[in-house]
2 protein chains.
Amino acid sequence: MPTDTTSPGAVPGSRALAHPAREEIRLADVLHALADPMRLRIVCTLAAAEGELNCADIELPVSKSTCTHHFRVLREHGVIQQFYRGTAKMNRLRTADLEELFPGLIDDVLRAADLQSRRLGER
Amino acid sequence: MPTDTTSPGAVPGSRALAHPAREEIRLADVLHALADPMRLRIVCTLAAAEGELNCADIELPVSKSTCTHHFRVLREHGVIQQFYRGTAKMNRLRTADLEELFPGLIDDVLRAADLQSRRLGER
DNA sequence: GCCGTAGTACGGCGGTTATCGTACGAGCAC
DNA sequence: GTGCTCGTACGATAACCGCCGTACTACGGC
């Protein structure tokens with residue numbers, strides 16, 4: 001599987017992380033990645049931040065290792081891009097890629113998530 | 001769990017099938033239901049048909065029991081509505097409910113699925 | 001060099017999923 | 001009634017998932 005290891009913003013000496021190329025991203029995989037409340041939360045937070053966020057900046061009610069797991073699922077399925085900056089691991093939504101492949105999808109999912117959380121009175 | 005058993009179009013004497021009420025449908029559940037190639041195919045076929053379809057009318061490369069399983073997942077997660085007509089089980093997308101809960105989402109998923117299948121040269 | 005912080009790798013646990021085959025039930029046609 | 005077709009129920013299996021804790025590595029500051 002061809003990988004995109006040179007991520008813009010990555011520090012040269014950093015370890016490389018495997019990402020699927022744009023044309024390898026599959027709809028079912030993306031939906032699967034989004035079909036978990038914890039990961040949906042990550043994606044929403046990332047979208048609201050409109051930029052790159054440290055892993056630790058996104059508070060989740062799970063252990064560190066579970067956290068790593070969810071971020072990896074999102075990355076390996078093409079939803080986010082990750083790269084190291086010092087000891088920190090930065091995360092960014094692959095907005096452009098997803099928008100090109102599945103126009104409007106991510107926006108609608110984010111909007112639906114927002115609508116639902118309002119409806120359920122969770123905030 | 002409140003259930004909507006009296007489905008429009010169902011023959012009176014038929015067995016009832018449990019469906020989640022509109023307000024019980026969860027985004028993560030819907031995404032999970034759609035995050036399977038087989039089920040995505042069912043939903044696309046159903047959307048293309050623009051009406052109700054017999055279970056057997058949707059050809060899938062899996063056994064009958066697996067088929068039943070996938071239809072049940074879609075129903076229990078609020079994506080489709082099912083009811084009996086004679087020996088046949090009819091299926092219909094819950095377009096109105098989904099559109100109200102998650103505006104634009106289903107259309108985008110269907111469009112994305114179509115785009116992807118073209119891109120992959122699968123038809 | 002030493003230590004703290006950020007995150008990974010690994011192994012395990014319990015629950016769920018996708019698949020199948022076989023046996024059964026419900027309605028229709030005869 | 002008999003038989004046909006459509007779909008269900010059940011049990012089994014193999015894979016996967018979400019979660020955890022522990023032990024480890026990588027980087028930056030002192």
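As the structure is a computational prediction, the values presented were derived from the model and not from experiment. Chain letters run A, B, ... following the sequence lines, proteins first, then strands; residues in each count from 1. Values below: all heavy atoms of this structure, side chains included; hydrogens, waters and symmetry mates excluded.
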Peer 1: For B:Thr68 and B:Ser65, which I'm curious about, is there any donor-acceptor pair between the side chains at under 3.5 Å?
Peer 2: no
Peer 1: Walk along nucleotides 7-21 of chain C from 5' to 3' and tag each nucleotide B, S or - by protein heavy-atom contact under 4.0 Å, base first, then sugar-phosphate.
Peer 2: BBB-------SSBBB
Peer 1: Quick one: list whatever passes side chain to side chain contact (heavy atoms under 4.5 Å, CB included) with B:His32, sequence neighbours left out.
Peer 2: A:Ala35, B:Arg39, B:His77
Peer 1: By side-chain hydrogen bond (donor to acceptor under 3.5 Å, both in side chains), which residues pair with B:Glu100, not counting sequence neighbours?
Peer 2: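 Partners of B:Glu100 by the side-chain hydrogen bond (donor to acceptor under 3.5 Å, both in side chains) criterion, ordered by chain and then number, come out as B:Arg22.
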Peer 1: Between B:Leu105 and A:Asp108, which heavy-atom pair has the shortest distance, and what is it?
Peer 2: N-OD2, 3.8 Å
Peer 1: With a 3.5 Å distance limit and no angle check, can you tell me whether B:Thr45 reaches the backbone of B:Arg41 through a side-chain donor-acceptor pair?
Peer 2: yes
